[in-house]
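Note sheet for the following structure.
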Amino acid sequence: MSTVATTGTEGKAWGGGNQPLKSSYGKMMMWFFIVSDALTFSGFLAAYGFSRFKFIDSWPIADEVFTHVPFFHGNFPMIYVAFMTFILIMSSVTMVLAVDAGHHMQKTKVTWYMFLTIIGGLIFVGSQAWEWGTFIKGDYGAVQTKGGNILQFGEYIQKDGEKVFKRVAVSDFATANHHSDRAQHERKNGLWFVSEGTLPDFTVDEVAKGLASHSNILVRSQIINEKGEKTILSRAESLKQIKENGKLVVHGANLTVNEYGSPLFADFFFFITGFHGFHVFSGVVINIIIFFNVILGTYEKRKNYEMVEKVGLYWHFVDLVWVFVFTFFYLV
Amino acid sequence: MAHEHKLAIFRGLLKFKSNTQKIWGVLIFLSIITAVEVVLGIYKPESLMSQVLGMKGLNWIFIILTLVKAYYITWDFMHMRDETPALRRMVVWTAVFLICYLIFILLQEGGYVFDVYKDGFIKRDF
């Protein structure tokens, strides 16, 4: 007699063999992975919120940061990122259509929809790379003060009968004096284990001189006033701030400096969109693997396309996260 | 397990004939929401800029629209609508509870640090 022959519970609810959640093991585990990944992303976004609330009166205004569209010159806040959002939602749709075609065992349709999903993912990752490049490159340049604050430049112009503040690039009014340039510290001309990044195009003294000789240019501080705009300093205050507090000319953004304002903004931007971009990238790779499996007829032989459904869940989750990143980085 | 889909959205207000139709319907709905968000984000109507519960009214609108989008992505694209209530609650309630808790703590703390910088004896304007 074997150890467990009968338990007397066969056919009863606790007799085993039933599926209370009516879902396969793989799908359920994908859901639980998604929950944990969602918590990771909300950790990042909540940390972003923490830093933003900490510097709520000086945080960069996203509309002024992300204003570019590839192949077009001009000021188009949000347009490109809205396009990216649409691309991702669209690729989510083709994914869910692939899942649906899978339920009906239509191999050709699944193949085509998977293909379109992959294309959408690639466009999105490419756009993300372009967005990073533009952000790193920067546009106007600014001066960082001893206290780590950012001073930007601009002038008042008449536009449609109204006085508006227009940003001016540092290179438009400062003149580099090449004789005074400090040599860049490279490994070959100093300590072999120490090197430094590219030197700024201008020194603070050159900027101060340029500012003094252009009487129309004013400094804009990073403090947000009650109208929700950055405070513009008077001419006298502008000259004083640059002269007394200016420390470094910055252009673009990286992990240590950011011409748009708090370096934390750039840090979180790179970290969160980078982590999301990595998810999109791995999603594309997984989609390609499944795509080839579909072509090879693996799921025809298995007589079900559940694998497509599982990667579909992951792909939709990536879209879901982007919806939140879009809101908290670009809109709010 | 048969692949049966619930084909009604908006609490039964809108019924679709097939799952494919529902997918396109949800896409149109999500696109409209995104377009509204973008338009509001570009024009920033003055009437929505007043403070509501410690944040600009417009920001609350953005957050609510985002949650609406998240709902339809999860319910219709990820087919949460068709899962059993037990699985749905396991996933949604856990995430929603933990995320709300985390957001509350971190934003509360961030606001406190802001006050310390502002009212304390820490000089940042240099």
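So you know, we letter chains A, B, ... as the sequences are listed, proteins then strands, and number each from 1.
- For the atom pair Ile23(B) CD1 and Ser92(A) OG, the distance stands at 10.5 Å (nearest 0.5 Å).
- With salt bridges taken as basic N to acidic carboxylate O contacts below 4.0 Å, one links Glu83(B) and Lys27(A).
- Contact annotation: the side chain of Asp100(A) approaches that of His5(B) to within less than 4.5 Å [non-hydrogen atoms, C-beta and beyond].
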- Start with the C-alpha distance between Ile34(A) and Val91(B), add both sets of side-chain angles, then the distance that settles side chain to side chain contact (heavy atoms under 4.5 Å, CB included), and finish with yes or no. CA-CA 9 Å; Ile34(A) 286 173; Val91(B) 169; 5.9 Å; no

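- Here the straight-line distance linking atom CD1 of Ile61(B) with atom CG of Leu331(A) works out to 11.5 Å at 0.5 Å rounding.
- Leu87(B) is listed as a side-chain neighbour of Trp31(A), based on a closest heavy-atom distance under 4.5 Å.
- Highest contact tally toward chain A, considering only Thr66(B), Thr20(B), Leu65(B), is held by Thr66(B) [criterion: heavy-atom pairs under 4.5 Å].
- By the neighbour-count criterion of 12 heavy atoms within 6.0 Å, atom OH of Tyr25(A) is sparsely surrounded, having that number or fewer from other residues, nucleotides or ligands.
- The contact between Trp24(B) and chain A is made entirely by side chain atoms (from C-beta outward), counting heavy-atom distances below 4.5 Å.
- If you run ring pair (Phe, Tyr, Trp, His ring centres under 6.0 Å) between His316(A) and each of Phe77(B), Trp75(B), Tyr72(B), only Phe77(B) comes through.
- Heavy-atom pairs under 4.5 Å with chain B were tallied for Asn149(A), Leu45(A), Thr85(A); the largest tally goes to Asn149(A).
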Check residues 92-119 of chain B and write down every donor-acceptor pair under 3.5 Å in which the side-chain atom is one partner and the other belongs to a residue at least two apart or another chain.
unit_1: Thr94(B); atom_1: OG1; unit_2: Met90(B); atom_2: O; d: 2.4

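- When side chains are defined from C-beta on, His79(B) does not count as touching Leu313(A), because their heavy atoms never get closer than 4.5 Å.
- When Phe83(A), Phe326(A), Tyr330(A) are each tested for a side chain to side chain contact (heavy atoms under 4.5 Å, CB included) with Val38(B), only one passes: Phe326(A).
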Atom pairs and distances, donor-acceptor, side-chain atoms in residues 39-59 of chain B, under 3.5 Å, two or more places apart:
unit_1: Lys44(B); atom_1: NZ; unit_2: Asp63(A); atom_2: OD2; d: 3.2

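- In this structure, Thr327(A) and Lys69(B) have side chains that are not in contact, with every pair of non-hydrogen atoms separated by 4.5 Å or more.
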- Carefully, step by step, assess Phe126(B) and Thr145(A) under the rule side chain to side chain contact (heavy atoms under 4.5 Å, CB included). CA-CA 7 Å; Phe126(B) 61 94; Thr145(A) 67; 5.8 Å; no

